[in-house]
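In what follows, a structure is listed as structure tokens, so that the remarks can point back to it.
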Amino acid sequence: MGRLQDLTVGYGYRPVRAAGWLAALLVVGAMMFGLYPPRAVEPGKAPDFVASIYTLDLILPVIDLGQQSAFQPRGASVWFAYALIAAGLLLVTTIAAAGARQLRRD
């Protein structure tokens, strides 16, 4: 686990790595949901689907962009969506902790 953590986020001391991973997840998620779009929860009321915004809505744990609540993934993309949510929570928390550490140093 330590090697994986060092590779991905540098034990939390390299927030740029975490931001890079977030960007990579955004690109992969946008491609995945562009190819396999989720279905609208309420077809007549749903906004236009935008794969990159939907992915960003999954990755960012605090911000609600309206796509995640309007669309529901199906099949194997459900598990992919859960993985994006979990990875987003981990990486955004890492970036926030590193930012807090930088503020404390000054």
Treat each ILVMFWY residue as a node, draw an edge where side-chain heavy atoms are under 4.5 Å apart, and state whether [X] and [Y] are in one component.
{"X": "Val62", "Y": "Ile85", "answer": "no"}
{"X": "Val27", "Y": "Leu84", "answer": "no"}
{"X": "Ile59", "Y": "Ile53", "answer": "yes"}
{"X": "Leu58", "Y": "Met31", "answer": "no"}
{"X": "Phe71", "Y": "Val41", "answer": "no"}

Shortest non-hydrogen contact from [X] to [Y]?
{"X": "Ala46", "Y": "Ala40", "value": "CB-CB, 3.6 Å"}
{"X": "Leu25", "Y": "Ala87", "value": "CD1-CB, 3.6 Å"}
{"X": "Leu26", "Y": "Leu56", "value": "CD1-N, 3.8 Å"}
{"X": "Pro47", "Y": "Ala70", "value": "CD-CB, 3.6 Å"}
{"X": "Pro73", "Y": "Ser77", "value": "CB-OG, 3.6 Å"}
{"X": "Asp57", "Y": "Gln67", "value": "OD2-N, 3.0 Å"}

Test item: Thr55 side-chain N/O and Ala30 main-chain N/O as donor-acceptor pair under 3.5 Å
yes
Test your reading of the model: is there a side-chain donor-acceptor pair from Arg74 to the backbone of Pro37, 3.5 Å cut-off?
yes
Could you give the distance from OH (Tyr54) to CE (Met32), rounded to the nearest 0.5 Å?
10.5 Å
Answer with yes or no after comparing the ring centroid distance for Phe80 and Phe33 against a 6.0 Å cut-off, counting only values under it.
yes
